[in-house]
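Convention: sequence-line order gives letters A, B, ...; per-chain numbering from 1.
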2 protein chains.
Amino acid sequence: MGRPTVTDIAREAGVSLATVDRVLNARPGVRDKTIAAVNDAIARLGYVRDMAAANLARGRNSRVAILLPDTQSQFVDTLHDAIGQEATLASAARMQVELVRYPGANMHVLAAILSDLVAGGISGVALMAPETPVVRDALRSVNAAGVPVVAMVSDLPNSGAAHYVGIDGYAAGRTAGLLMGRFLGAQTPRVMVIAQSMLLRDSIERRRGFDAVMLRDFPGIEVGQTLESHGAPEILQQVMREALSSSGPIGGIYLLGSGHRALAQVLSEMGLLGRVVTIGHELTPHTIAALQAGWLDAVIAQNVGHLARSTLRVLQAKVDQQPINESQERLRLEIILRENLPLTP
Amino acid sequence: MGRPTVTDIAREAGVSLATVDRVLNARPGVRDKTIAAVNDAIARLGYVRDMAAANLARGRNSRVAILLPDTQSQFVDTLHDAIGQEATLASAARMQVELVRYPGANMHVLAAILSDLVAGGISGVALMAPETPVVRDALRSVNAAGVPVVAMVSDLPNSGAAHYVGIDGYAAGRTAGLLMGRFLGAQTPRVMVIAQSMLLRDSIERRRGFDAVMLRDFPGIEVGQTLESHGAPEILQQVMREALSSSGPIGGIYLLGSGHRALAQVLSEMGLLGRVVTIGHELTPHTIAALQAGWLDAVIAQNVGHLARSTLRVLQAKVDQQPINESQERLRLEIILRENLPLTP
DNA sequence: CAAAATCTGAGGTACGTCAATCAGATGTAT
DNA sequence: ATACATCTGATTGACGTACCTCAGATTTTG
């Protein structure tokens, strides 16, 4: 005997196939008592719906959109590529993926794109965006239209996101802090924290986690204020010079977001490359090269392949109104050192 | 227009549905020229076979077996549970999983089980086992019967395994070495390496990787010979006493396999708990507790959930004679510290 | 050139589910 | 009691593919 089918349930519950179908698909026209009887039978037989057959029968070709900022960032580019790769595979599961880049500086455009997508009958939306009031309001109306929203990389807890796919920013910062403290060992120098900007929620959380561990476990190490580079090497150089001139030597640098190339340049000009413990985020061609070169000591990353797959799986589950396998979708925080770099195919 | 179907191909190639079917399923009775014409049409239309519908039509309920040793090991237990969990999910994909524990000390029994499974018409086999001659011969005859074999955790390169699911033992050892060196910092004490036994391939590879990095990057640190505990705390205690009495203080301990509980006991009795840098392998209740307690500094692990899912996916792909998404199946080597412990669900 | 072998077409049933229809059955208000 | 609304059963045709049969066409072989 194979798996039980709807026919088995109908027999077991003593109702017709049509009724089972109505219960399974939450269609109206069934008494509560009958619904209970069917659900009982389902539980007794351990029935699991054959989603493949269901989708086949539905002939439903759901359309979902994934929105990424068009920021000049290798991480976002890598993520874009990863999603593109998985999207072709997702089409086998009757899901068509639209990958859209929106101007990272203008949330009003993002809001407009979202309302267009909803008007166009999109079935689900995933996006990586900061939680500004404009975005929040836009997402609320997406939600109101019954379209599930999945937050990527940076959570959107107050916008009614159905799910968050990404790592815990606070834990990422704590891990960076622990590594920084352990790598510095007996030394207790100053540590610099550098960000492109502190607007994104995950940067803030990382900083918080970093500070928490440094304060608790390595009180001898002095951590400076966050230096914001806004992506420009010149500004970074300037603020670093200022920070350096203020007092004592720098022993460690924690890079909250992107900007590894700029940092390498500045460090190199200052003769510090490879002489300070440096910890960064996200695995990109730049950070991989930096790890191999030896001047970057550790990278805290999230696996973009998993991120992409998880996003698509969650989207599909939400669209199909299916439950989510939480343990499968929980992204692990990865620590990458020189010796456990992924093979580069 | 949705995706092209077999009917579209038949029209495009100017042949009948039956012929397309014969070509798709490599059934005999089609001229080479016709085969080429059909394949042309497939390429032109960008047809991708709907595996869901295909399996549905086949009604095939493949049966696969997963063989784990019955060793007293929390890692194997955790893996067992993870596979069990995923197996219920896999049944949705028409795959029935038989989870078998074989006596870890007797490879002849494993060989007998394998031949029984093959005789019983199993479609695929995955196993975690050392590559002894008995095992190798048994697997070769499994292969000869056309049943794909997937190696788990420890590779079986000379037994014709169709795929290996697990982390790179050499890289794992290198990573442990790097962490050990960095955590020890300026100190250059002696480091002990402890294993339950050096029979398993992955223990040997880890040790090789560890030595490679220590020798290259931390030449000041002296690494002792591998102490084998054979799972008994008494033996471990004895060999540790001997090692300690020989010369100088111990600064670090690298635990190649299981035995964290025994080590904790011995270290605690010797008043060394928390005073030596300790690095171990695999995430289990014991190692999690040890990380939280603070005496274990790092764990190199493979995600058992991913391992289980990957094994089942690879098995299914092999059984269906489908290609494998290599990048999805490549298990990442995880570094777990106190601050990035997974949330306990 | 006929017989045999090989190839191809046409058509059907099945897989598990969805979605729709129509005909009864039961219950509820007037 | 009649009309009506609400529930339920039985049946059917998709969805895309597999696999089977049988008949007819084409090629190869003797």
(Q) Against A:V125, only a single residue in A:L67, A:N143, A:I113, A:I66 fulfils side chain to side chain contact (heavy atoms under 4.5 Å, CB included); can you say which? (A) A:L67
Q. What's the closest nucleotide to the A:T5 side chain, out of C:dT17, D:dT17, D:dA18?
A. C:dT17
Q.
Nearest whole Å is fine: how far is C:dT6 P from B:D32 CG?
A. 14 Å
Q.
Please find the pair of heavy atoms, one from B:A126 and one from B:T311, that lie closest to each other, and give the distance.
A. CB-CG2, 3.5 Å
(Q) What's the separation between atom CD1 in B:I83 and atom CE in B:M128, rounded to the nearest 0.5 Å? (A) 10.0 Å
(Q) Is B:R31 close enough to C:dT8 that one of its side-chain N or O atoms is under 4.0 Å from OP1 or OP2 there? (A) yes
Q: Can you tell me the distance, in whole Å, between the CG atom of A:L45 and the P atom of C:dG16?
A: 14 Å
(Q) What residues from residues 10-24 of chain A pass a heavy-atom cutoff of under 4.0 Å to DNA chain D? (A) A:G14, A:V15, A:S16, A:A18, A:T19, A:R22
Q.
Using the rule given for side-chain hydrogen bond (donor to acceptor under 3.5 Å, both in side chains), can you reason through A:E334 versus A:Q302, listing the C-alpha separation, both sets of side-chain angles and the distance that settles it, and then say yes or no?
A. CA-CA 6 Å; A:E334 296 190 352; A:Q302 43 202 330; over 6 Å; no
Q. C:dC18, D:dC7, C:dC15: which one has an atom nearest the side-chain heavy atoms of A:A54?
A. C:dC18
Q.
Quick check: closest heavy atoms across A:V38 and A:A13, and the distance to 0.1 Å?
A. CA-CB, 4.0 Å
Q: Nearest 0.5 Å please: distance from the CG atom of A:D81 over to the CG atom of A:D77.
A: 7.0 Å
Q. Between atom CD1 in A:I35 and atom P in D:dC7, what is the gap in whole Å?
A. 9 Å
